[in-house]
Amino acid sequence: SAVISQKPSRDICQRGTSLTIQCQVDSQVTMMFWYRQQPGQSLTLIATANQGSEATYESGFVIDKFPISRPNLTFSTLTVSNMSPEDSSIYLCSVGQGFDEQFFGPGTRLTVL
Amino acid sequence: AQSVSQHNHHVILSEAASLELGCNYSYGGTVNLFWYVQYPGQHLQLLLKYFSGDPLVKGIKGFEAEFIKSKFSFNLRKPSVQWSDTAEYFCAVILSGNTGKLIFGQGTTLQVKP
């Protein structure tokens with residue numbers, strides 16, 4: 001298993017600003033993922049954070065809006081850029097090994113006014 | 001597009017009642033199947049998983065799920081629920097050849113009345 005922490009746990013931001021969310025894992029992991037959970041909806045994968053290379057984004061998500069860094073095997077950041085109220089969601093980091101289960105962080109609850 | 005459907009969005013049960021939550025997926029290939037649970041104020045955590053072998057899998061806290069390949073289903077069951085089972089339950093799949101991408105169902109909120 002893995003223990004994952006995220007910062008901040010929640011934030012309230014103004015429209016047009018950006019927020020960077022940090023994800024820290026207590027052990028080295030190959031795969032790190034970022035998900036979004038919009039109010040009343042399920043979790044949707046934003047991107048896979050790759051160590052040493054660009055993140056792999058899912059359809060509907062772009063690097064300019066959600067830049068991701070993965071400087072090492074225990075840390076990643078997700079930035080939500082030029083925010084609008086539609087970006088209000090819970091953002092979750094997870095880690096996993098290929099086709100096996102993933103372990104999730106506590107999430108960052110973002111409200112955009 | 002591949003998808004996961006959970007039939008029940010909100011379920012209310014009394015303690016000791018039996019639980020069955022439906023989950024169906026749309027994909028013709030090999031899948032790994034998961035049920036996750038999120039208790040109030042806690043992280044999403046794994047209840048159980050199925051990769052291969054016996055289609056009836058047992059997880060934590062008395063939960064079990066049955067994989068029926070012909071029906072593309074992976075329903076979650078518990079014979080007797082407790083108040084502490086109040087939580088949100090998510091069915092999810094990983095498709096073969098789609099490393100790491102979990103596709104989640106919409107989630108089911110279970111409320112157990114004491």
Side-chain angles (χ1 to χ4, degrees), chain A residues 1-7 9-10 21 23-26 29-51 53 55-61 68 70 73 76 89-109, chain B residues 1-10 21 23-27 29-53 57 59-60 63 65 74 87-109:
Chain A
S1 66
V3 177
I4 303 163
S5 59
Q6 285 185 234
K7 291 181 183 178
S9 58
R10 59 177 63 226
I21 303 168
C23 176
Q24 180 75 52
V25 189
D26 67 343
V29 292
T30 306
M31 309 187 77
M32 293 181 76
F33 307 92
W34 287 98
Y35 289 83
R36 181 176 73 180
Q37 185 177 17
Q38 293 179 298
Q41 298 189 29
S42 188
L43 287 82
T44 302
L45 181 64
I46 297 171
T48 303
N50 303 308
Q51 197 267 330
S53 63
T56 305
Y57 289 84
E58 295 299 309
S59 175
F61 298 96
I68 288 171
R70 177 95 190 265
L73 293 175
S76 177
S89 292
I90 298 173
Y91 292 86
L92 297 109
C93 168
S94 76
V95 302
Q97 300 290 347
F99 298 99
D100 208 337
E101 68 179 282
Q102 292 178 18
F103 300 94
F104 285 82
T108 296
R109 185 179 294 271
Chain B
Q2 296 83 15
S3 64
V4 177
S5 297
Q6 292 181 236
H7 315 304
N8 319 98
H9 296 297
H10 198 159
L21 300 182
C23 173
N24 286 87
Y25 63 94
S26 61
Y27 181 67
T30 303
V31 294
N32 288 350
L33 297 146
F34 306 85
W35 274 97
Y36 282 86
V37 61
Q38 188 166 30
Y39 298 103
Q42 295 189 26
H43 300 198
L44 203 61
Q45 60 185 279
L46 184 73
L47 261 184
L48 46 78
K49 61 185 178 183
Y50 173 79
F51 290 175
S52 64
V57 293
I60 61 172
F63 285 90
F74 189 54
E88 187 145 19
Y89 293 81
F90 294 94
C91 181
V93 304
I94 291 179
L95 312 179
S96 61
N98 216 353
T99 306
K101 179 179 178 179
L102 271 170
I103 302 173
F104 282 88
Q106 304 93 319
T108 298
T109 301

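Naming convention: chains lettered A, B, ... in sequence-line order (proteins, then strands); numbering from 1 in each chain.
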Original post:
How are the rings of Y35(A) and F104(A) set to each other: parallel, tilted or perpendicular (split at 30° and 60°)?
Top reply: tilted

**OP:** Pick whichever of E58(A), Q102(A), Q37(A) has the most heavy-atom pairs under 4.5 Å with chain B.
**Re:** Q102(A)

**OP:** Please flag which part of L45(A) lies under 4.5 Å from any non-hydrogen atom of chain B: side chain, backbone, both or neither.
**Re:** side chain

Original post:
Quick one: what part of L92(A) sits under 4.5 Å from any heavy atom of chain B, side chain, backbone, both or neither?
Top reply: neither

Original post:
Would you call F33(A) and L102(B) a side-chain contact if the rule is heavy atoms closer than 4.5 Å?
Top reply: no

Original post:
Are any of the side-chain heavy atoms of F34(B) and I94(B) separated by less than 4.5 Å?
Top reply: yes

**OP:** Could you check L21(B), N24(B), T108(B) and say which one makes a side chain to side chain contact (heavy atoms under 4.5 Å, CB included) with H7(B)?
**Re:** N24(B)

